[in-house]
Protein chains: 2
Amino acid sequence: VDQLPAIIEQERVTIAVDVMGGDHAPNSCLEGVAIFMRKNQEVFFKLFGPEPKIMELLERYQIKRDRVEIIHTDEFVSSDDQPSAIIRSGRNTSMRLAINAVKDGVADAVVSSGNTGALMAMSKIVLKTIAGIDRPAICTIMPSINGSFAMLDLGANPSCDADNLVQFAIMGDAFARTMLGSPNPSVGILNIGSEIVKGNDTVKAASKILQDSKIVNFYGYIEGDDLVKDVVDVVVTDGFTGNVALKTAEGTARLCREYMSRGFKENLLSKLGYLLAKGGLKKAFDKIDHRYYNGAIFLGLNGIAVKSHGSADAVAFANAIKFAETLVKGKLNQHIIEHICRNL
Amino acid sequence: VDQLPAIIEQERVTIAVDVMGGDHAPNSCLEGVAIFMRKNQEVFFKLFGPEPKIMELLERYQIKRDRVEIIHTDEFVSSDDQPSAIIRSGRNTSMRLAINAVKDGVADAVVSSGNTGALMAMSKIVLKTIAGIDRPAICTIMPSINGSFAMLDLGANPSCDADNLVQFAIMGDAFARTMLGSPNPSVGILNIGSEIVKGNDTVKAASKILQDSKIVNFYGYIEGDDLVKDVVDVVVTDGFTGNVALKTAEGTARLCREYMSRGFKENLLSKLGYLLAKGGLKKAFDKIDHRYYNGAIFLGLNGIAVKSHGSADAVAFANAIKFAETLVKGKLNQHIIEHICRNL
């Protein structure tokens, strides 16, 4: 009986929030916490930032005081800060203290909309990489025609060798199990048209290792236009290609929205058509709303560090919290460690 | 006076068509020629393929017999053929003979919807690269929010060094002058988020050369989401990244179309809205119709070789012919050669 409180304690997820990260901080972060709390009664928050401002926003967004702890600091990382410099000078920033909380075991995950490079560099230094992983990778979920898929690396490693890609495959497998609930995720390596020349030496070597070793459920190569086609659960690529692909997809989606909007403004009939179709279109597009897909993890660290988009609003920030919570509850890192141990 | 016929002869553009290339060949190719001819009375065609079939289609699509010449062959390249094998065994294929016509000076350009790898390999062997260019690159035009831009390489060179990228910049500059009519095209190198790590060694080295040498109007780095934002006229990247970006854009556009279609089917109101807005939407989306953007050139060869999409229909094929004609009339290769000479 005396173990019961300990078990309950263990089950409560605690999330450290860098309240001062992102274009709309601290409001978007605190309002995001409030939105998340309305649907979820269990998560506890540690809020890192200036106490007076946080107190004011707790009241404004009607956040219950017993669900949060405030850790005061006036320092924060700005979007212009150089990662290399901020590692030394930023030891008392809200971002750094939030990451420290994960390292110290007083939080299960950290969520920040702040400077990506700084968050990556600080997380890496504080949390360190999981044994067996050479380089952490940025991983997120993207929408496809009938669901979604995980993709990594999205920019942490502009140059990768075959071993890096194989490790990304292992981490991506664990991520998809946790996040997408896939019992046996299929993993593909992003490559270029089979008609032309089948890729570079790195993807060929990584593909051979995955094919031979059966470490993951390896599908083989996939191409850029397969991404949305639900061909695989996990897409592995180097950080250069992955970042370009992610951002090209974002840009193309913007292009389509823009032309759709122009089409509706074309004439009187189309304007009326828009008024009638608006509800249906919103319902359909909500499923691929980028705010819903907010949140990327630095995969491969001893701790869950989640990057929320710099321009995230409150709804998007709430989704990044949800993203972090799912990974904590799904015991993401335990999956990765077990997977590595099995294959060492 | 006796020079007059010669001048007229010189101005008439002759295009060699591989009638047997692509998923819908030969019908799509011949109907494409017919569509093109309705708007353009000057271009002459050399049609490579089986004469009886071509004769039948000339009649079906009402193509004037005096505007075409048929060069009979029963052999053709299939989509499964390996480029390395077809180079040796495919000397009498419609594709090879059409390329030969450009080399022999009896056609100004070749257009084919056939096997990309084979077309690339054969064009390279037959036409050879322009002096000063180490590797040809695949280049096309893509739609942006307020216009369009050129991008290369799209898959010919999965690995590139800095010199390759610099040569792509020179060729892209000439392409944009000819195709987009830009008097002083701005050129950007595709790179990853400035926030994270600014790219790999290759893009850094290429950027430095372009910055220092002023060979082209160099803008600097651009990111994947800048592609559609009309930031630059020419986007330079290696063939691996370029191919992934191009295909990711295609896939994302398909995703948006699919969700738009679902939105319109959502309820009775949205269905009615679709009927009203259809015309306006079509007008807007026609401007970014992939059929309109059909055609990619193997840039850097002694002759214009244009790849049309394998699944091109007649309208798309007509646009690939238009693409080839514009490059011939704009003296693309002369621009490239002059540019290289200036900078040697």
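Chain letters run A, B, ... following the sequence lines, proteins first, then strands; residues in each count from 1.
Of the atoms belonging to B:Ile145, heavy atoms from both backbone and side chain fall under 4.5 Å from chain A. Only the backbone of A:Ser144 comes within less than 4.5 Å of a heavy atom of chain B; no side-chain atom from C-beta onward does. Heavy atoms of B:Lys271 lying under 4.5 Å from chain A are absent altogether. Residue contact with chain B, scored on non-hydrogen atoms closer than 4.5 Å, is absent for A:Lys265.
Considering only heavy-atom pairs separated by less than 4.5 Å from chain B, the leading option among A:Glu258, A:Met260, A:Arg257, A:Lys282 is A:Met260. Across B:Ala253, B:Ser270, B:Gly279, the residue that shares the most heavy-atom pairs under 4.5 angstrom with chain A is B:Ser270. Chosen from A:Ser159, A:Gly239, A:Ala245, the residue pairing most often with chain B at heavy-atom distances under 4.5 Å is A:Ala245. Contacts with chain B were tallied for A:Leu190, A:Asp201, A:Leu275; A:Leu190 has the most, counting heavy-atom pairs under 4.5 Å.
Taking each heavy atom of A:Pro158 and B:Ile192 in turn, the nearest pair found is CB-CD1, 4.0 Å. A:Arg254 approaches B:Asp225 most closely through the heavy-atom pair NH1-O, 4.0 Å.
Residue B:Tyr221 qualifies as enclosed at atom OH: its count of foreign heavy atoms under 6.0 Å is above 12. In the displayed structure, B:Lys229 atom NZ is contacted under 6.0 Å by more than 12 heavy atoms of other residues, nucleotides or ligands. Counted within 6.0 Å of OH on B:Tyr293, heavy atoms from surrounding residues, nucleotides or ligands total more than 12; the atom is thus considered enclosed. Atom CZ of A:Phe298 sits in a crowded spot, with more than 12 heavy atoms from other residues, nucleotides or ligands closer than 6.0 Å.
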### Task
Would you check, one step at a time, whether the test side chain to side chain contact (heavy atoms under 4.5 Å, CB included) holds for A:Asn191 with B:Phe240?
CA-CA 7 Å; A:Asn191 199 351; B:Phe240 193 94; 3.3 Å; yes
### Task
Test side chain to side chain contact (heavy atoms under 4.5 Å, CB included) on B:Tyr259 and A:Leu281 and set out the steps.
CA-CA 8 Å; B:Tyr259 277 85; A:Leu281 287 172; over 6 Å; no
### Message
Set out, in order, the CA-CA distance, both residues' side-chain angles and the distance that settles side chain to side chain contact (heavy atoms under 4.5 Å, CB included) for A:Leu227 and B:Thr248, then state yes or no.
### Response
CA-CA 7 Å; A:Leu227 292 176; B:Thr248 299; 3.6 Å; yes
### Message
Applying side chain to side chain contact (heavy atoms under 4.5 Å, CB included) to B:Arg262 and A:Phe285, what does each step give before you reach the verdict?
### Response
CA-CA 9 Å; B:Arg262 284 182 200 172; A:Phe285 277 96; over 6 Å; no
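A distance of 11.0 Å separates CD of B:Glu250 from CG of A:Asp226, quoted to the nearest 0.5 Å. The distance from atom CG of A:Leu255 to atom CD1 of B:Ile288, rounded to the nearest 0.5 Å, is 4.5 Å.
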